[in-house]
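Worksheet: one structure, shown below.
When a residue number appears, it is its place in the shown sequence, counting from 1.
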Amino acid sequence: MSAVPGPDGLARCGWALASEDYTHYHDTEWGRPVVGEAALFERLSLEAFQSGLSWITILRKREAFRAAFAGFDPVRVAAFDDGDRARLMADTGIVRNAAKIDAVIGNARALLALPEGESLSGLLAGYRAPDGRSAPQTAADIPAITPESTALAKDLKKRGFRFVGPTTAYAMLQATGYVNDHLAGCWVRNG
């Protein structure tokens, strides 16, 4: 499916018209640069929680995730203990998956353990899509994984991050603006 005009006349990636939540996310966030380690850590965490689920589920629970995970402050999340884990497992506002909760806590610790001078933003930038890549014409032109996302996933895992396979890594690159997969004709790509 190519870019589709919405009720306001603006052409968007087709998935963005599935709900008002998607439209808002598409228009204001997806594919736009994300600045700051906490903001990137939030996106990485939400992508990990999304694994196997619909993104709309995570998007609609986002505020509850933010409250449950201390605003995704990596320092605070890295300090979570068994009591916090139990609290999270009892929180009906979030996805209560023990492996994913443990991964987010572990990923905060892995982020803080990066060597001096390294950052999550620096790691992501190292796996940015190659320059000169043409705009996808349809959703079928957008890959689920790329050589860059496969290498990023491997690098993150080597550094102790979990729930960061090639598909999740690619979704992270897309969501945070390191890859621009807005369709040709989408107003966000062209705006």
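The closest side-chain heavy-atom distance from Val104 to Phe41 is below 4.5 Å. Inter-residue side-chain proximity for Phe72 and Leu44 is flagged as unmet; no heavy-atom pair is nearer than 4.5 Å. Using a 4.5 Å cut-off on side-chain heavy atoms (C-beta onward), Val164 and Lys157 make contact. Using a 4.5 Å heavy-atom threshold, the side chains of Leu46 and Trp55 count as touching. Residues Ile101 and Phe49 have side chains in contact (heavy-atom distance under 4.5 Å, counting atoms from C-beta outward). Side-chain contact between Arg162 and Asn107: present, with at least one pair of heavy atoms (C-beta onward) separated by less than 4.5 Å. Contact annotation: the side chain of Tyr170 never approaches that of Leu152 to less than 4.5 Å [non-hydrogen atoms, C-beta and beyond].
Across all their heavy atoms, Arg189 and Leu183 have their closest contact at CD-O, 3.7 Å. When all heavy atoms are compared, the tightest approach of Ala3 to Ala184 is CB-O, 3.7 Å. Looking at every heavy atom in both residues, Lys100 comes nearest to Ser51 through NZ-O, 2.5 Å. Of all non-hydrogen atoms in Glu47 and Ala175, the two that sit nearest each other are OE2-CB, 3.7 Å. In plain terms, the two heavy atoms of Ala39 and Val34 that are nearest each other are CB-CG1, 3.5 Å. Of all heavy-atom pairs spanning Ser149 and Ala169, the tightest one is O-CB, 3.5 Å.
Note on Ile58: it clusters hydrophobically with Met89, by side-chain heavy-atom contacts below 4.5 Å among ILVMFWY residues. Cluster membership check: Leu114 does not share its hydrophobic cluster with Leu112, using side-chain heavy-atom separations under 4.5 Å among Ile, Leu, Val, Met, Phe, Trp and Tyr. Cluster annotation: Leu123 is connected to Val179 through the hydrophobic network of ILVMFWY side chains, with a link wherever side-chain heavy atoms come within less than 4.5 Å. Side-chain heavy atoms closer than 4.5 Å link hydrophobic residues (I, L, V, M, F, W, Y) into clusters, and following such links, even through other members, never connects Val35 to Tyr25. Under a hydrophobic-cluster definition in which Ile, Leu, Val, Met, Phe, Trp and Tyr are linked whenever side-chain heavy atoms come within less than 4.5 Å, directly or via other members, Phe163 and Leu40 are assigned to different clusters.
Between Asp82 and Arg85, none of the side-chain N atoms (NZ, or NE/NH1/NH2) sits under 4.0 Å from a carboxylate O, so this pair counts as no salt bridge. Under 4.0 Å is where a charged nitrogen must lie from a carboxylate oxygen, and between Arg159 and Asp155 at least one such pair does. In summary, Arg32 and Glu29 do not engage in a salt bridge, as defined by a charged side-chain N under 4.0 Å from a carboxylate O. Ion pairing between a basic and an acidic side chain is recognised when a charged N comes within 4.0 Å of a carboxylate O; Glu148 and Arg133 show no such pairing.
A cation-pi arrangement, defined by a distance under 6.0 Å to the six-membered ring centre and an angle within 45 degrees of its axis, is absent between Arg12 and Tyr22.
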### Query
After noting the C-alpha distance and the side-chain angles of Leu156 and Leu120, does the key distance pass the side chain to side chain contact (heavy atoms under 4.5 Å, CB included) rule?
CA-CA 9 Å; Leu156 289 170; Leu120 187 54; 4.2 Å; yes
### Task
Go through the steps for Phe69 and Glu42 under the test side chain to side chain contact (heavy atoms under 4.5 Å, CB included), then give the verdict.
CA-CA 9 Å; Phe69 284 94; Glu42 174 185 351; over 6 Å; no
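To the nearest 0.5 Å, atoms CD1 (Ile142) and CD (Gln137) are separated by 10.5 Å. Between Asp84 atom CG and Asp91 atom CG the span is 11.5 Å, to the nearest 0.5 Å.
With 3.5 Å as the limit, one finds a donor-acceptor pair spanning the side chains of Ser121 and Glu37.
When ring centroids are compared, Trp15 and Trp30 come within the 6.0 Å threshold.
Not one N or O on the side chain of Asp102 forms a donor-acceptor pair closer than 3.5 Å with the backbone of Ala99. No side-chain donor-acceptor contact under 3.5 Å links Thr176 to the backbone of Pro33.
Within 6.0 Å of CZ in Arg76 there are 12 or fewer heavy atoms belonging to other residues, nucleotides or ligands.
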